[in-house]
Amino acid sequence: MSVYDIVQHLETLDQIHFKLIELGKQKKQIIIDNHIEELTKIMNQESMLLKQITEVDSKRVKVVENIVKQKGMQPNPNLTITELTRFIIDPEEKRALKAAQNKLLKTMDEMKNLNTLNQQLIEQSLSYINVTLETALGTADDNVTYQNPLTNQHGSRKGIFDVKG
């Protein structure tokens, strides 16, 4: 096991995250177009990619543990790539590891921004749905339980449709 094994795992993680970005871009348009079935398919694909990330990251952690043991140190599951680079003497290995780390961080940052945008779109869609429902059915504050029809109901807001029908 070498540092290049870690680099390979980081590059694989970068490729998987890039696929998640592509799905996120598709998801953005699907949310805008309100195609729920397509959204479900995208979410299933994302779920499969997340499983792959977990598997690849587990392999990366094992490689890191083995390298740390080779260096005569105690394995630490919380050891970061930045901390690991301090223990690597070969400048070429250190450069490759930092390059892979920076590439992955950049991809993850792009994915984070896209997810934030998609989250805002979903929140706007939910707000629109809530406003539409409140307009059609009245607010949640309206009393939905049985009331004596002879009591005065002035002041209570009703939606477009009369609940009494």
Side-chain angles (χ1 to χ4, degrees), residues 1-137 139-141:
M1 304 238 168
S2 74
V3 170
Y4 291 108
D5 292 325
I6 299 171
V7 170
Q8 183 180 9
H9 290 309
L10 290 177
E11 288 175 351
T12 303
L13 287 171
D14 184 62
Q15 292 168 358
I16 295 170
H17 281 87
F18 186 76
K19 289 178 184 176
L20 283 171
I21 289 172
E22 292 301 316
L23 288 176
K25 289 177 182 174
Q26 292 175 17
K27 190 163 62 175
K28 176 181 145 191
Q29 190 59 44
I30 288 169
I31 292 168
I32 291 171
D33 296 340
N34 199 23
H35 293 148
I36 302 302
E37 290 179 22
E38 296 284 329
L39 185 61
T40 303
K41 290 178 186 174
I42 296 287
M43 291 172 62
N44 287 337
Q45 291 174 342
E46 286 178 333
S47 180
M48 290 173 33
L49 291 174
L50 291 175
K51 285 180 184 175
Q52 288 179 8
I53 287 174
T54 302
E55 292 171 7
V56 172
D57 198 50
S58 294
K59 291 176 184 175
R60 181 197 57 82
V61 168
K62 287 180 183 173
V63 172
V64 169
E65 286 176 358
N66 285 334
I67 289 174
V68 168
K69 283 180 185 175
Q70 289 173 357
K71 303 253 180 223
M73 299 179 334
Q74 200 65 355
N76 178 2
N78 298 323
L79 185 69
T80 65
I81 297 295
T82 302
E83 293 169 340
L84 181 64
T85 57
R86 292 184 200 144
F87 303 113
I88 297 172
I89 298 170
D90 184 0
E92 188 60 33
E93 287 181 340
K94 188 179 273 195
R95 186 204 58 75
L97 189 58
K98 283 185 176 183
Q101 178 193 26
N102 289 335
K103 185 178 178 188
L104 179 59
L105 288 174
K106 184 178 175 185
T107 303
M108 290 177 74
D109 192 45
E110 183 180 349
M111 190 175 83
K112 181 181 172 186
N113 291 335
L114 184 62
N115 282 341
T116 301
L117 177 65
N118 283 343
Q119 183 178 0
Q120 290 171 350
L121 288 171
I122 289 172
E123 288 172 2
Q124 287 176 356
S125 292
L126 289 175
S127 294
Y128 175 76
I129 290 169
N130 282 337
V131 168
T132 303
L133 284 174
E134 286 178 6
T135 302
L137 302 175
T139 63
D141 296 335

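Reckoned from all heavy atoms, side chains included, excluding hydrogens, waters and symmetry mates.
- With values rounded to the nearest 0.5 angstrom, Asn66 atom CG is found 9.5 Å from Asp5 atom CG.
- To the nearest 0.5 Å, the span separating CG on Leu97 from CG on Leu84 amounts to 6.0 Å.
- Shown here is Gln70, whose CD atom has more than 12 heavy atoms of other residues, nucleotides or ligands within 6.0 Å.
- Qualifying side-chain hydrogen bond (donor to acceptor under 3.5 Å, both in side chains) partners for Asp57, counting only residues two or more places apart in sequence or in other chains: Arg60.
- Evaluation of the salt bridge (charged side-chain N to carboxylate O under 4.0 Å, His left out) test over residues 91-102, restricted to residues two or more places apart or in two chains, returns Glu92-Arg95.
- Thr82 and Thr85 get closest at one heavy-atom pair: O-OG1, 2.5 Å.
- The salt bridge (charged side-chain N to carboxylate O under 4.0 Å, His left out) contacts involving residues 39-49 comprise Lys27-Glu46, where partners must be two or more places apart or lie in separate chains.
- Considering every non-hydrogen atom in both Ile30 and Leu39, the closest pair reads CG2-N, 3.6 Å.
- Here the shortest heavy-atom pairing between Leu10 and Gln101 reads CD1-N, 4.0 Å.
- For Thr132, there are no side-chain hydrogen bond (donor to acceptor under 3.5 Å, both in side chains) partners at least two apart in sequence or on another chain.
- By the side-chain contact (heavy atoms from CB on, under 4.5 Å) test, Asn76 is found to be paired with Asn78, Leu79, residues two or more places apart in sequence or in another chain being considered.
- Other residues, nucleotides and ligands place no more than 12 heavy atoms under 6.0 Å from the CD1 atom of Ile89.
- The number of heavy atoms from other shown groups lying within 6.0 Å of OH (Tyr4) is above 12.
- To the nearest 0.5 Å, atoms CG (Leu104) and CG (Leu13) are separated by 6.0 Å.
- The side-chain heavy atoms of Ser125 and Asn34, taken from C-beta on, include no pair separated by under 4.5 Å.
- Annotation: side chain of Asp90 is not in contact with side chain of Val3 (no heavy-atom distance under 4.5 Å).
- The shortest heavy-atom contact between Ala100 and Val7 is CB-CG1, 4.0 Å.
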Check residues 110-120 and write down every donor-acceptor pair under 3.5 Å in which the side-chain atom is one partner and the other belongs to a residue at least two apart or another chain.
from	atom 1	to	atom 2	distance (Å)
Asn113	ND2	Asp109	O	3.4
Thr116	OG1	Lys112	O	2.9
Asn118	ND2	Gly24	O	3.1

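- Qualifying side-chain hydrogen bond (donor to acceptor under 3.5 Å, both in side chains) partners for Gln74, counting only residues two or more places apart in sequence or in other chains: none.
- Listed by first and then second residue, the side chain to side chain donor-acceptor pair (under 3.5 Å) pairs that reach into residues 6-23 are Asp14-Thr107, sequence neighbours excluded.
- For Gln29, the side-chain hydrogen bond (donor to acceptor under 3.5 Å, both in side chains) partners at least two apart in sequence or on another chain are Asp33.
- Heavy-atom contacts from other residues, nucleotides or ligands closer than 6.0 Å to CE of Met43 number 12 or fewer.
- In this structure, NZ in Lys51 is found 13.5 Å from CD1 in Ile16, a value given to the nearest 0.5 Å.
- Legend: salt bridge (charged side-chain N to carboxylate O under 4.0 Å, His left out) pairs involving residues 66-83, not counting sequence neighbours: none detected.
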